[in-house]
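Comments concern the structure below.
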Amino acid sequence: MESVKVIIVGGGAAGLAAAKTLGSNVDYLLIEAQNYIGGRIRTIDAVPNVTVDLGAQFIHGETNNLLYEICKSLDCILPVTDIKKILAITSDRTIVDPEIIRQVLIVWEELLDEARSIFGDTTIPKNYPLSDYLLEHLKQRLLSAIPSLDNLVDAFCDFFNKGELIENGCFKLSDLSLAEYGSYEYLNGLYEIEFKNGGYRPFISYMKSFIPDDNRIRLNSEVIRVKYLKENHQLLVNIRHHDRTSEQQQQISAILCDHIIWTSSLGYLKENFSSIFVDEIELIEQKQDAINNLGFDVINKVIMIYEKSFWPENVGDIILLQAQKQKSIEFSNSLKNLLKTEKIDIQLINTIIEAIHRYVVLPSTNIPILICWFGGPAAVLLEDLSEYIIGQICHEVLCYYLNISFKLNPLIRVLKSEWYKNKFIRGSYSYYSIKSSTKDGEQLRATYAPDGIPRIQFAGEATSARAYSTVHGALESGIRESNILLSIMNK
């Protein structure tokens with residue numbers, strides 16, 4: 001039977017960091033269930049010579065951020081030039097004064113800072129959600145600071161709530177813990193650092209370059225069962241190989257190893273943990289509650305590629321402010337007929353429309369590309385729509401707000417992410433839910449040492465104490481666990 005010293009499960013940022021840190025002298029094998037390296041980092045070619053990131057897109061912060069340092073050395077970070085303008089439009093097609101936008105954003109950030117400062121206050125129950133805090137304070141604070149906002153205050157509250165779903169990756173804000181909201185550490189420097197054309201691809205290539213040969217990597221290979229063998233202090237790992245067309249043809253192999261560094265997403269663990277480790281009762285008792293309690297939902301993006309831009313020059317962000325009783329948007333006859341032919345439920349379409357609140361101009365290329373972000377129920381629902389249909393919905397909604405003809409500015413291509421449908425990921429990134437606390441994070445990253453020696457270690461963004469949900473958190477977690485393992489192996 002094949003045997004190695006270490007198996008790294010998962011080829012995302014954490015798995016690659018673990019491999020790089022262990023070094024070529026350690027006999028390791030990186031096992032990845034998908035057909036590519038990168039995990040939730042997924043850079044693809046959108047049109048000739050232009051890439052887009054379907055998953056992670058930003059670097060968050062500069063100071064004490066290894067990811068930033070690596071990408072800076074790779075010269076793949078987009079230089080900050082002129083600050084792009086925000087264009088805010090109401091559902092009656094009125095453009096909002098930029099000064100109003102500036103004031104509103106200040107109030108919003110101040111309120112979020114206050115919410116973060118609650119972290120560590122033991123008087124706040126862990127099941128108190130951020131949604132209740134915002135409901136209690138946001139509208140009042142906006143009206144107090146900007147009395148003239150009266151007719152727009154509800155629309156702004158709605159916009160911020162939708163944005164916060166995406167920021168935290170949660171299905172609804174009533175799931176998000178206020179008590180743990182401030183546990184995330186914001187690093188100094190820009191919060192959303194953009195990439196040049198090429199996105200995260202240079203970073204993944206750089207990290208992969210430290211794996212000495214391709215024989216150290218097994219793609220299309222899913223670990224389906226792990227059992228600790230007491231008699232020889234090893235782990236028996238069963239692997240299903242997905243590079244066959246049918247499940248009947250899929251081969252199952254077994255490998256022995258001394259240690260595992262497990263880096264899969266929390267979403268994957270939620271679905272598979274108890275079956276993979278069914279033989280390890282103590283491990284299940286150690287971690288199952290934490291896996292259940294911590295939050296992991298989905299956000300998705302629709303990427304819209306045009307031949308020419310039709311939005312005002314220097315605009316980098318278009319936000320839609322929906323009135324509670326806005327007029328229904330009249331779609332084109334071709335789209336209406338297509339929705340009817342495909343028998344797509346009108347309620348599904350309404351949920352999609354209600355979720356549309358922001359279009360961001362991709363700054364890394366001169367090709368006009370807009371990214372429309374989705375959180376909440378719409379993020380899941382759009383996965384069942386074709387790229388053409390969801391792209392056309394987003395396009396016609398934007399043209400309605402801009403009061404221009406959708407026919408004069410056709411889309412040339414649409415791409416969309418499908419992170420929930422991906423059975424090896426099952427979502428986007430982790431957050432602290434109202435069922436969880438920092439103790440759950442501690443339990444998730446705790447090692448499993450059935451014989452007193454760490455045999456199974458856990459990495460990935462969800463195991464990061466202060467940088468969960470980020471690539472730099474995933475990167476640091478892989479380094480953390482490999483260093484622990486190296487210290488044991490070097491004794």
Side-chain angles (χ1 to χ4, degrees), residues 4-46 51-59 65-77 193 195-223 239 241-243 255 257 259-265 268 364 417 419 422 424-425 429 457-461 463-464 467 470-483 485-486:
V4 294
K5 189 74 175 176
V6 183
I7 287 179
I8 301 168
V9 180
L16 291 170
K20 179 179 181 294
T21 306
L22 288 177
S24 58
N25 291 331
V26 174
D27 181 23
Y28 70 79
L29 185 62
L30 188 151
I31 297 176
E32 167 57 52
Q34 302 191 92
N35 62 0
Y36 68 93
I37 290 295
R40 283 167 275 172
I41 297 173
R42 183 69 164 142
T43 308
I44 65 169
D45 297 310
T51 65
V52 293
D53 282 308
L54 288 179
Q57 184 174 327
F58 305 106
I59 302 170
N65 188 339
L66 178 60
L67 174 65
Y68 173 77
E69 294 300 328
I70 291 171
C71 292
K72 186 179 178 183
S73 70
L74 295 172
D75 192 29
C76 59
I77 293 174
I193 297 167
F195 285 94
K196 293 179 179 177
N197 185 36
Y200 260 106
R201 187 174 283 169
F203 168 74
I204 294 297
S205 297
Y206 167 81
M207 295 298 292
K208 186 176 180 290
S209 71
F210 289 92
I211 299 175
D213 61 76
D214 287 343
N215 291 329
R216 298 277 192 115
I217 301 172
R218 303 273 172 88
L219 297 178
N220 300 300
S221 301
E222 180 187 10
V223 174
I239 300 165
H241 302 279
H242 291 279
D243 50 355
I255 303 178
C257 67
H259 306 276
I260 290 174
I261 299 178
W262 193 281
T263 76
S264 73
S265 76
Y268 182 79
S364 58
S417 58
W419 291 109
N422 185 325
F424 301 121
I425 306 288
Y429 39 79
Q457 298 165 250
F458 289 81
E461 54 83 13
T463 71
S464 174
T470 67
V471 176
H472 70 264
L475 184 71
E476 291 164 1
S477 74
I479 296 169
R480 177 193 73 217
E481 295 307 320
S482 286
N483 281 330
L485 186 51
L486 286 171

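Side-chain N or O atoms of S477 include one that pairs as donor or acceptor with a backbone N or O of G460 at under 3.5 Å. Side-chain atoms of E481 do not come within 3.5 Å of backbone N or O of I261 as any donor-acceptor pair. Proximity of a side-chain donor or acceptor of S464 to a complementary backbone N or O of E461 within less than 3.5 Å is not detected.
Residues G15 and L30 share a closest heavy-atom pair of O-CD1, 3.8 Å. Counting all heavy atoms, side chain and backbone alike, F195 lies closest to S364 at O-CB, 3.3 Å. The two residues D53 and G199 have their closest heavy-atom pair at OD2-CA, 3.3 Å. When every heavy atom of R40 is checked against every heavy atom of W419, the shortest pair comes out as CA-CH2, 3.8 Å. The two residues R216 and L29 make their nearest non-hydrogen contact at O-CD1, 3.4 Å. For the pair P202 and C76, the tightest heavy-atom approach, listed with the atom from each and the gap, is CG-CB, 4.0 Å.
How far NE2 of H472 is from CD of E69: 12.5 Å, rounded to the nearest 0.5 Å. The CG atom of L74 sits 8.5 Å away from the CZ atom of F203 when rounded to the nearest 0.5 Å. Atom CD of E32 and atom CD1 of I217 lie 9.5 Å apart (nearest 0.5 Å). Distance SG/C71 to OH/Y206: 10.0 Å, rounded to 0.5 Å. Between atom CD1 of residue I479 and atom CG of residue L486 there is a gap of 11.5 Å, rounded to the nearest 0.5 Å. Atoms OG1 and CZ, on T263 and F458 in that order, are 10.5 Å from each other to the nearest 0.5 Å.
Contact of the F58 side chain with the T470 side chain is not registered, since no non-hydrogen atoms from C-beta on lie closer than 4.5 Å. Using a 4.5 Å heavy-atom threshold, the side chains of I8 and L22 count as touching. At a threshold of 4.5 Å between non-hydrogen side-chain atoms, the residues T51 and R201 count as touching. In this structure, the side chains of I255 and I7 come closer than 4.5 Å at one or more pairs of heavy atoms. Taking 4.5 Å as the limit, every side-chain heavy atom of M207 sits out of range of all side-chain heavy atoms of I41.
Of the N and O atoms on the side chains of Q457 and H259, not one donor lies less than 3.5 Å from an acceptor on the other residue. Using modelled atom types and a 3.5 Å distance limit, the side chains of S417 and R42 yield no donor-acceptor pair.
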Please walk me through it: do Y200 and I59 pass side chain to side chain contact (heavy atoms under 4.5 Å, CB included)? CA-CA 10 Å; Y200 260 106; I59 302 170; 4.0 Å; yes
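Just one residue in the list N220, L219, N422 forms a side chain to side chain contact (heavy atoms under 4.5 Å, CB included) with Q34, and that residue is N422.
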